[in-house]
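Atoms within a ligand are numbered from 1 in the order they appear, just like the ligands themselves.
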Amino acid sequence: MSQLENQQNTLARRPTWAEIDLNNLASNFNQIKQRVSPAARVMAVIKANAYGHGAVECARRLVNEGADWFGVALPEEGIELRASRISQPVLCLGGFWHGQAGLCIQHRLTPVVYRLDMMESLNQAASDAGIVADVHVKVDTGMGRLGIRFDQLSEFVAALQQFRHLRIDGLMSHLAAADDATCQPLTQDQIRRFEDSVATFRDHGYRPTYLHLANSAGIFGHREAWGNMVRPGGVLYGLWRDVLPSSTRNAELRPVMSLHSRISLLKWVPPGETIGYGCTFEASRRSLIATLPIGYHDGYMRGLSNRAHVIVRGTYAPVVGRISMDLTLIDVTNVSGVELNEQVTLLGWDRQNSGLKIPAEDLARISGTLSYEVTCGVGERVPRVYV
Ligand SMILES: *Cc1c(COP(=O)(O)O)cnc(C)c1O
């Protein structure tokens with residue numbers, strides 16, 4: 001019995017799980033590290049529970065691989081890392097919310113700042129703690145989202161000197177469309193505006209340690225956007241086919257998550273009968289239908305109904321009928337020797353058999369979204385099993 005089966009059995013739970021391959025995560029990280037080294041440090045972006053892969057376990061492995069920084073969205077996510085004794089610097093990419101300045105100081109989290117009132121409350125909290133706290137200032141160079149607009153930076157910088165308990169440790173921006181060749185002019189504008197912003201800070205006597213604006217697409221498509229730190233997210237998890245510029249689609253990145261379940265019921269259905277909610281599938285022949293204990297609450301999206309395939313015994317089997325909240329039906333008429341309890345792969349690769357694969361990018365395309373939403377969407381009730 002494999003170690004994995006052992007873990008499954010001893011916990012006696014529904015046989016639906018996401019397998020997280022930490023070696024593949026490490027391999028992806030090292031590829032990125034080698035690509036940008038020695039010009040740039042690597043901030044591993046592990047927000048949103050590491051895009052659904054499990055923030056703490058991923059962070060632990062990435063610490064071993066030499067991650068310089070971690071990026072999270074919320075201070076809450078940073079506190080979770082601190083509670084698990086991750087001591088690397090952590091950047092809160094979304095800043096912090098009213099009342100959280102003290103928490104950032106207490107847990108040594110570095111917030112991104114983009115409003116003076118944020119800086120004021122953090123300055124006060126740092127002063128109360130008797131320290132000088134680091135911040136990274138975010139400039140909006142064309143994303144139109146978080147950040148001080150590049151053309152309004154001068155007034156902002158002029159106001160900074162009042163904050164005696166803050167140090168500008170980093171200056172950053174975010175690329176809006178670095179994967180898209182048709183948006184190349186915007187990307188170039190963003191890079192130029194960022195360089196101008198750095199100059200503005202220097203003119204005012206600031207020397208931020210870190211200058212960073214490259215996400216996955218920036219790292220692979222725009223060397224001139226690396227600055228001295230890069231912020232990979234998706235590529236760490238082997239998500240790239242719908243993320244990187246088409247010119248760089250030779251990346252040797254490996255998927256990290258796979259999603260599995262087991263057949264919990266097998267039955268024959270005569271031709272002419274429909275199955276599932278809404279009668280969306282009618283058996284055209286005598287069909288062997290298998291039930292899987294996984295549904296859209298687990299992140300197996302309803303939009304995949306009658307469109308996706310799964311892997312059973314080294315064969316692709318189609319999803320039939322509507323995916324429901326907790327259950328999914330597949331047609332296994334053509335899968336020879338299929339049995340109750342058979343392992344099924346819904347996402348990722350089938351280690352045991354064939355080498356067949358179902359990339360997250362494929363499920364994303366079928367359901368009209370991005371691969372990130374597929375892995376982020378794998379529900380909390382699906383246990384992550386680390387291998
Ligand atoms: C999520 C995020 C990233 C990582 O983006 P990917 O496309 O996943 O590489 C980088 N920077 C910021 C500010 C982010 O919010």
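At least one side-chain heavy atom of N23 sits less than 4.5 Å from a side-chain heavy atom of R61.
Scored by the side chain to side chain donor-acceptor pair (under 3.5 Å) test, S258 finds H260 as partners (sequence neighbours excluded). R192 pairs by the salt bridge (charged side-chain N to carboxylate O under 4.0 Å, His left out) definition with D189, not counting sequence neighbours.
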Report each N/O pair between ligand 1 and the protein that falls under 3.5 Å, naming both atoms.
residue  : atom   : partner : partner atom : Å
ligand 1 : 7 (O)  : Y372    : OH           : 2.9
ligand 1 : 8 (O)  : Y51     : OH           : 2.5
ligand 1 : 8 (O)  : G234    : N            : 2.8
ligand 1 : 8 (O)  : Y372    : OH           : 2.9
ligand 1 : 9 (O)  : S216    : N            : 2.8
ligand 1 : 9 (O)  : S216    : OG           : 2.5
ligand 1 : 9 (O)  : G233    : N            : 2.9
ligand 1 : 11 (N) : R231    : NE           : 2.8
ligand 1 : 11 (N) : R231    : NH2          : 3.2
ligand 1 : 15 (O) : K47     : NZ           : 2.6

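When hydrophobic side chains of Ile, Leu, Val, Met, Phe, Trp and Tyr are connected at separations under 4.5 Å, W97 ends up clustered with L74.
A 6.0 Å sphere centred on CD of Q161 holds no more than 12 heavy atoms belonging to other residues, nucleotides or ligands.
Residues R41 and H212 bring no donor and acceptor atom of their side chains to less than 3.5 Å of each other.
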